[in-house]
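Just so it is clear, the structure is predicted and the values come from calculations on it, not from any experiment. Proteins get letters first, then strands, A, B, ... in listed order; numbering begins at 1 in each.
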Amino acid sequence: MKVRVRLFASYREAAGKEWLEEELPAGACVRDLLEAVHARHGLAAGPGRALVARNLEYVGLDALLCEGDEVVLLPPLGGGGA
Amino acid sequence: MIACLVQDPIAVDDLIRRVSRPSCGGIGVFVGVVREPNLGHRTLHIDYHAYPEMAEKVMAEIATEVKARWEVEEVAIVHRIGRLGVGEASVAIVVSAPHRQAALDGASYAIEELKKRVPMWKKETFEGGQVWIEGDTAAW
């Protein structure tokens with residue numbers, strides 16, 4: 001199945017683009033997506049580093065993905081504020 | 001309730017006016033500013049990036065939590081994005097309440113939650129380079 005992945009901040013800069021399109025096996029979860037993105041693009045140093053959001057909500061590593069999902073890959077927070 | 005991102009300088013006085021109510025005896029204000037030095041080098045400027053739709057949604061959630069947990073009247077959470085120089089305000093939290101403790105506690109809660117939950121990142125430019133400030137490297 002195909003999942004579209006939107007990148008922000010350092011990930012967008014490192015990839016040189018805003019969107020990735022990942023091919024994942026049916027039944028894949030967020031953890032699988034992170035591993036795939038790390039392996040293919042060198043982003044998000046393994047599960048647990050990046051945050052993932054879908055429909056403006058954070059989702060956990062075990063959340064299942066569906067064909068056509070659009071998810072957002074967020075670098076670790078802590079840089080906001082001053 | 002005010003929960004938004006802005007491009008222009010944050011007008012803290014204006015926020016104070018907007019959350020003031022006759023019933024309120026206290027207004028708690030937190031303003032985060034770009035500092036120099038940071039992490040041992042001289043900061044020139046910081047570029048703030050957000051995932052805007054989600055950032056504003058989470059900021060509104062935090063403001064709602066403050067109103068639910070403390071006896072407060074109004075909450076404003078405003079974060080600036082774009083390029084900021086040293087001394088400029090990046091974030092302002094203003095909480096009005098009948099009594100001071102709720103105003104201060106609400107503002108304190110809001111800034112701590114903002115740091116943990118709002119999708120926002122900063123890229124610091126210093127003498128000799130640039131670095132994304134992420135996770136534990138954000139020493140403030």
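In this structure, the portions of E57(A) lying under 4.5 Å from any heavy atom of chain B include both its backbone and its side chain. Contact annotation for A89(B): neither backbone nor side-chain heavy atoms come within less than 4.5 Å of a heavy atom of chain A. Looking at K57(B), the atoms closer than 4.5 Å to chain A (heavy atoms on both sides) all sit in the side chain, from C-beta outward.
Salt-bridge formation is detected for the pair R6(A)/E18(A): a Lys NZ or Arg NE/NH1/NH2 atom is positioned less than 4.0 Å from an Asp or Glu carboxylate oxygen. With salt bridges taken as basic N to acidic carboxylate O contacts below 4.0 Å, one links E88(B) and R80(B). Between E74(B) and R21(B) there is a salt bridge, since at least one side-chain N of the basic residue sits less than 4.0 Å from a carboxylate O of the acidic one.
A14(A) and L43(A) make their closest contact through CB-CD2, 3.7 Å (heavy atoms, listed as atom of the first residue, atom of the second, distance).
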